[in-house]
Amino acid sequence: MTGHHHFEVVAWRADRRLTLYVPGIEASTTVDDPRTAEDAVRDLIADLTGVDRGEITCDIRLGRPWRPGI
């Protein structure tokens with residue numbers, strides 16, 4: 001994969017950590033410090049997709065992922 005890759009990320013607080021969920025790849029990670037969220041989510045995406053970390057941009061929004069029937 002080459003070129004620019006953009007991902008939406010949903011973030012929420014749980015157990016004194018910030019959970020970051022990337023719906024586009026159905027993966028999540030957590031961080032203790034919100035200031036490290038963007039780097040952590042880029043690393044996650046790069047590890048799982050093989051996309052170069054420098055080609056990844058993301059929009060992180062606070063909320064919860066929507067699940068049908070809830």
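Two residues are said to be in side-chain contact when any heavy atoms from C-beta on lie closer than 4.5 Å; His5 and Asp52 fail this criterion. Side-chain contact check for Arg61 versus Val9: every heavy-atom pair is 4.5 Å or farther apart.
For Leu48, the side chain to side chain contact (heavy atoms under 4.5 Å, CB included) partners at least two apart in sequence or on another chain are Ile25, Ala27, Leu44. By the side chain to side chain contact (heavy atoms under 4.5 Å, CB included) test, Asp33 is found to be paired with Arg35, Thr36, residues two or more places apart in sequence or in another chain being considered. Not counting sequence neighbours, the partners of Arg17 by the side chain to side chain contact (heavy atoms under 4.5 Å, CB included) test are Thr30, Asp32.
When all heavy atoms are compared, the tightest approach of Ile45 to Thr49 is O-OG1, 2.7 Å. Summarising the geometry of Val31 relative to Ala40, their closest heavy-atom pair is CG1-CB, 3.4 Å, with the distance given to 0.1 Å. Here the shortest heavy-atom pairing between Ala11 and Ile60 reads CB-CG2, 3.8 Å. In plain terms, the two heavy atoms of Val10 and Pro23 that are nearest each other are CG2-CG, 4.4 Å. When every heavy atom of Thr19 is checked against every heavy atom of Ala14, the shortest pair comes out as OG1-CB, 4.2 Å. Residues Glu38 and Cys58 share a closest heavy-atom pair of CG-SG, 4.0 Å.
Within 6.0 Å of atom CZ in Arg13, more than 12 heavy atoms from other residues, nucleotides or ligands are found, so the atom counts as buried in its surroundings.
Distance check: Thr57 OG1 to Phe7 CZ gives 8.5 Å after rounding to the nearest 0.5 Å. Distance check, rounded to the nearest 0.5 Å: CZ of Arg53 to CD1 of Ile56 gives 7.5 Å. Put simply, CG on Leu18 and CH2 on Trp12 are 9.0 Å apart, with the number rounded to the nearest 0.5 Å.
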